[in-house]
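What follows is a single structure, written as structure tokens, with notes after it.
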Amino acid sequence: MKGRGKSELDAAIIIGYLASICSIASFVPQAWKVVRSGDTSALSARMYSLTVTGFALWTAFGLMRAEVPIILTNAICFCLSAFILFRILKGANHNGTGL
């Protein structure tokens with residue numbers, strides 16, 4: 001990166017990884033709660049569908065740009081949110097409520 005010093009680049013990498021940790025940490029408790037309780041009745045299938053799509057697109061973007069923090073964060077969040085969406089849809093189909 002032209003015009004930027006090593007310390008600025010290192011700071012950007014650190015910020016990227018800290019953001020990754022925060023993003024992943026925000027989904028883990030919800031996924032864990034779904035695993036433990038199996039209850040997804042208060043969760044929105046539409047919101048999780050959009051979230052899963054967003055994480056898939058961010059992962060693709062990260063791959064295209066070869067940005068490891070973007071790839072790792074969004075791939076992990078994609079898996080967590082896709083798991084939650086699967087459980088929401090499984091529960092909706094089981095209860096006959098649909099989306």
Side-chain angles (χ1 to χ4, degrees):
M1 299 187 125
K2 200 174 204 178
R4 291 193 181 182
K6 183 171 172 39
S7 63
E8 287 179 40
L9 187 57
D10 291 344
I13 294 295
I14 291 168
I15 289 171
Y17 280 107
L18 289 173
S20 295
I21 291 167
C22 291
S23 295
I24 293 166
S26 73
F27 272 93
V28 170
Q30 186 68 65
W32 184 245
K33 183 177 179 182
V34 169
V35 167
R36 279 193 356 253
S37 71
D39 182 21
T40 59
S41 60
L43 303 177
S44 167
R46 287 184 179 112
M47 189 281 291
Y48 270 93
S49 295
L50 190 58
T51 299
V52 168
T53 302
F55 286 134
L57 292 170
W58 273 113
T59 301
F61 174 77
L63 288 167
M64 294 167 81
R65 305 277 303 178
E67 297 283 346
V68 175
I70 294 172
I71 296 165
L72 290 177
T73 301
N74 290 288
I76 292 168
C77 288
F78 170 81
C79 291
L80 292 169
S81 59
F83 166 76
I84 294 168
L85 178 61
F86 172 77
R87 294 296 296 264
I88 292 169
L89 296 175
K90 182 179 172 189
N93 289 335
H94 180 68
N95 296 329
T97 57
L99 282 177

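Predicted model, so just to flag it, every value in this text is computed and none were measured.
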Task: Same apolar cluster (I L V M F W Y, side chains within < 4.5 Å links), I14/I71 - done: no
- [ ] Verify the cluster assignment for L50 and L89: are they in a single hydrophobic cluster under the rule of side-chain heavy atoms below 4.5 Å apart?
- [x] no
Open item on the list: Minimum heavy-atom separation for S41 and D39, please, with both atom names.
Closed with: OG-OD1, 2.7 Å
Task: Hphob cluster co-occupancy, V28 + V35, side-chain heavy atoms under 4.5 angstrom - done: yes
Task: Candidate pair Y48 and R87, rule side-chain contact (heavy atoms from CB on, under 4.5 Å), full reasoning - done: CA-CA 11 Å; Y48 270 93; R87 294 296 296 264; over 6 Å; no
TODO: May I have the step-by-step check of side-chain contact (heavy atoms from CB on, under 4.5 Å) for R65 and I70, ending in yes or no?
DONE: CA-CA 9 Å; R65 305 277 303 178; I70 294 172; over 6 Å; no
Task: Connected via hydrophobic side-chain network under 4.5 Å: L72 and L63 - done: no
Open item on the list: For F27 together with F55, are the ring centres under 6.0 Å from each other?
Closed with: yes
TODO: Give the cluster check for I13 versus V68: same hydrophobic cluster or not, with ILVMFWY residues linked at side-chain heavy-atom distances below 4.5 Å.
DONE: yes
TODO: For this output row, return yes or no: ring centroids of W58 and F61 closer than 6.0 angstrom.
DONE: yes
Task: Taking every non-hydrogen atom, the tightest pair across I88 and A45 - done: CG2-CB, 3.7 Å
- [ ] Not counting sequence neighbours, list each pair that qualifies as a side-chain hydrogen bond (donor to acceptor under 3.5 Å, both in side chains) and has a residue in residues 15-27.
- [x] S20-T73
TODO: Please list, chain by chain and in numerical order, all residues satisfying side chain to side chain contact (heavy atoms under 4.5 Å, CB included) with I76, sequence neighbours excluded.
DONE: I24, L80
Task: Donor-acceptor contact present, side-chain T59 to main-chain A75, <3.5 Å - done: yes
Task: ILVMFWY clustering at 4.5 Å (side-chain atoms), partners of I21 - done: none
Open item on the list: Looking at T40 and L43, would you say the former's side chain and the latter's main chain have a donor-acceptor pair under 3.5 Å?
Closed with: no
